[in-house]
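In this chain, numbering begins with 1 at the start of the sequence shown. We count ligands from 1, going down the list as the structure has it; atoms in each ligand are counted the same way.
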Amino acid sequence: MYDDVVAFIRETFGTDGKIPLHEPRFRGNEKAYVADAIDSTFVSSVGEYVARFERAVADYVGCGHAVATVNGTAALHAALVVAGVRDGDEVITQPLTFVATANAIAYCRAKAVFVDVDLDTCGLSAQALRAFLERNAEVRNGACVNRKTGRVIRACVPMHAFGHPCRIGDIAAICAEWNITLVEDAAEALGSRSEGRHVGHAGPLGVLSFNGNKIITTGGGGMIVTDDPGIARHAKHVTTTAKRDHQWEFAHDEIGFNYRMPNLNAALGCAQMEMLPSFLAAKRRLAARYQAFFEGRSERFLCEPAGTESNYWLNCITAPDCAARDAFLKATNEAGVMTRPAWVLIPSLAMYADCECGPMANAERLADTLISLPSSVIEDSED
Ligand SMILES: *Cc1c(COP(=O)(O)O)cnc(C)c1O
């Protein structure tokens, strides 16, 4: 029943072998820069590739500053610390996300609160966020307080799912109105724009990931992005053990983390940034191909939301129902074509079962029907 899907994906990727969901490509200066980092002996926490990679990402994103970290989860954790999230606070996020989003909140000893997503963006719904706040919150002495729990809602972490930007302009406006610090989880969205502006800095803080499966990779890596020089300084400080600046003294002025990105990884990142425009072009070609193929079938291809430009990191479809989704997953995976469902909703996980949830019909629907498709960069021989 899905033979034509398998045949189409095989033809697209030009192979009879196993087709992964997303594999990295190293056809640029990766080996040269990594070898150079090794030759320099600066492979660890000091070295010029880190600053160069931070500059390259900040310039590309169009934000003033970027702070490289060991991975995206660490970037999220540090960003929440910088946002002032503390023991007993609440942080609003979406139920449909990778577990790292919720874990970073838990690392701060804060409570995640789950608000629904939009069906077209798969990201936090501005409308649901507003409804939740109007029903449950009030601003007292400058802080947004959840009337039911008495706790401060310190931050909001929307996630740009699969690279498709959520309605970040509306969400930023709501957060500003309610005195909630916006921390964008843009881990999947390097290269994505909303209303012409790169995602990640609609508010004070945003986070990127360079894990092996993301659009560019540093092996493992992450980045905090911000327009605010003071926030950037604090982010650098807490991710580098909060050591006070001194010629020789080891003194630290808060509980910091060893979250800095090694120079070796940053070297890989510098080379990958050079490839990003060609990766994005390849992703758009692949998305257009998938979109045309699924036209007129029972599955629906997930297009970039209106007013946005997606990086199409992972191409996704939705099946008509859960049974059709499972049949699709079974047929494709058994044929060696890797496809995956959406994440199990975070409040369905035992660790987060006691968290407050708004209505989440859209997240439930996507959790039941969404399928992500092989989305690695295919080099175009005509390029
Ligand atoms: C990948 C990812 C992260 C975390 O990144 P790591 O670099 O793997 O720690 C966080 N949030 C989302 C939504 C992600 O997809």
At what distance is the nearest protein heavy atom to [atom], and which residue and atom is it?
atom                    : result
atom 11 (N) of ligand 1 : D185 OD2, 2.8 Å
atom 2 (C) of ligand 1  : K214 NZ, 2.9 Å
atom 9 (O) of ligand 1  : T73 OG1, 2.5 Å
atom 15 (O) of ligand 1 : E188 OE2, 2.5 Å
atom 5 (O) of ligand 1  : S209 OG, 3.2 Å

- Parallel, tilted or perpendicular: rings of W313 and H22 (30°, 60°): tilted

- Item | Any G220 heavy atom less than 4.0 Å to ligand 1 | no

- Message: When you measure from the centre of the six-membered ring of F279, is the NZ or CZ of R284 closer than 6.0 Å and no more than 45° off the axis?
- Response: no

Distance under 4.0 Å to a non-hydrogen atom of [X]: what atoms of ligand 1 satisfy this?
X    : answer
N211 : 7 (O), 8 (O)
G221 : 7 (O)
N71  : 7 (O), 9 (O)
A187 : 2 (C), 3 (C), 10 (C), 11 (N), 12 (C), 14 (C)
M159 : 13 (C)

- Using distance alone, determine whether G72 and ligand 1 share an N or O pair under 3.5 Å. yes

Quick one: does any side-chain atom of [X] pair with a main-chain N or O of [Y] as donor and acceptor, under 3.5 Å?
X    : Y    : result
T93  : V157 : yes
S192 : G163 : yes
D118 : T121 : no

- Message: Within the supplied structure, the quantity of interest is the number of heavy atoms (other residues, nucleotides, ligands) at a distance under 6.0 Å from E48 CD; does it exceed 12?
- Response: no

- F42 versus V46, closest heavy-atom pair with distance: CB-O, 3.4 Å

- Item | Approximate separation, where rounding is to 0.5 Å, of E379 CD and S278 OG | 7.5 Å

